[in-house]
Amino acid sequence: MASIFSKIAAGEIPSYCCAADDEFYAFLDINPIVKGHTLVIPRREVDYIFDLEDDELARLHVFAARVARAIKQTIPCVKVGEAVLGLEVPHAHIHLIPMQSERDMLFSNPKLQLPAEEMQAVADAIRANFQG
Ligand code: AMP
């Protein structure tokens, strides 16, 4: 059975799309730690990120870097942090988190609940800044 993230990348489950190409897909985390918290996935379904082929892992990171630049242009922040957990969803993904301080990277922080219109506006702005 396809993972929830495969269904998102295929457009079968809605998401706030931030960037996409033939191989990778980026969308807002539905339970963001901070505004602009984004997930980047390969369309190919592999559970553990470090089981990806070397080339695919490298391309995923290059794509994530392009998404991170678009996030930084969209959300005022010091830097965009990167984290890999994968404890909840068994489909490799990178978290991109616009940081004001180290505390913004704490996954134990309470999650934000942003209105759908605000999530859509953030995703649209990141997509507009993404250099495709
Ligand atoms: P982890 O697998 O531990 O890296 O966590 C999975 C992340 O995916 C969590 O931050 C969730 O909030 C996020 N997530 C789960 N389902 C969705 C969804 N349908 N759309 C966007 N983000 C999701």
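Note that the structure is predicted; figures quoted are calculated from it, not measured. Atoms within a ligand are numbered from 1 in the order they appear, just like the ligands themselves.
Heavy-atom contacts of Ile4 reach the following atoms of ligand 1: 19 (N) (cutoff under 4.0 Å). Close approach of ligand 1 to Leu39 is summarised as follows: ligand atoms under 4.0 Å from at least one heavy atom of the residue are 8 (O), 13 (C), 22 (N). If you number the atoms of ligand 1 from 1 as listed, the ones under 4.0 Å from a heavy atom of His93 come out as 1 (P), 2 (O), 4 (O), 5 (O), 6 (C).
Here the CG-CG distance, from Asn31 to Leu114, works out to 10.5 Å after rounding to the nearest 0.5 Å. The CD1 atom of Ile71 sits 9.5 Å away from the CD1 atom of Ile97 when rounded to the nearest 0.5 Å.
Nearest protein heavy-atom contact of atom 16 (N) of ligand 1 is Phe5 CE2, 4.1 Å. Counting only heavy atoms of the protein, atom 5 (O) of ligand 1 lies nearest to Glu88 CB, 3.6 Å.
With distances taken over non-hydrogen atoms, the option nearest atom 17 (C) of ligand 1 out of Val84, Ile30, Ile13, Ile41 is Ile30. Nearest residue to atom 12 (O) of ligand 1 from Leu28, Leu85, Asp29 is Asp29 (criterion: closest heavy atom).
Using 4.0 Å as the threshold, Phe107 has no heavy atom nearer than that to any atom of ligand 1. Ligand 1 is approached by Ile8 to a heavy-atom distance shorter than 4.0 Å. Residue contact check for ligand 1: Gly86 places a non-hydrogen atom closer than 4.0 Å to it. Contact annotation: Tyr16 has no heavy atom less than 4.0 Å from any atom of ligand 1.
Enclosure of atom CG in Asp54 is not indicated, since only 12 or fewer non-hydrogen atoms of other residues, nucleotides or ligands lie within 6.0 angstrom.
Phe27 and Phe5 have perpendicular rings, their planes meeting at more than 60° on a 0 to 90° scale where under 30° would count as parallel.
Side chain of Thr74 to main chain of Lys72: no donor-acceptor pair is present (N/O by atom type, distance under 3.5 Å, no hydrogens or angles). In terms of modelled atom types and a separation under 3.5 Å, the side chain of Arg43 and the main chain of Tyr25 share no donor-acceptor contact. For the pair Glu45 (side chain) and Ala2 (backbone), a donor-acceptor distance under 3.5 Å is absent. Between the side chain of Arg44 and the backbone N or O of Glu23 there is no donor-acceptor pair closer than 3.5 Å.
Residue contacts with ligand 1: His37 is placed with no nitrogen or oxygen under 3.5 Å of a nitrogen or oxygen of the ligand (distance criterion only).
Aromatic rings from His93 and His95 are positioned such that their centres are separated by under 6.0 Å.
Within the 4.0 Å heavy-atom criterion, neither part of Lys111 lies near ligand 1.
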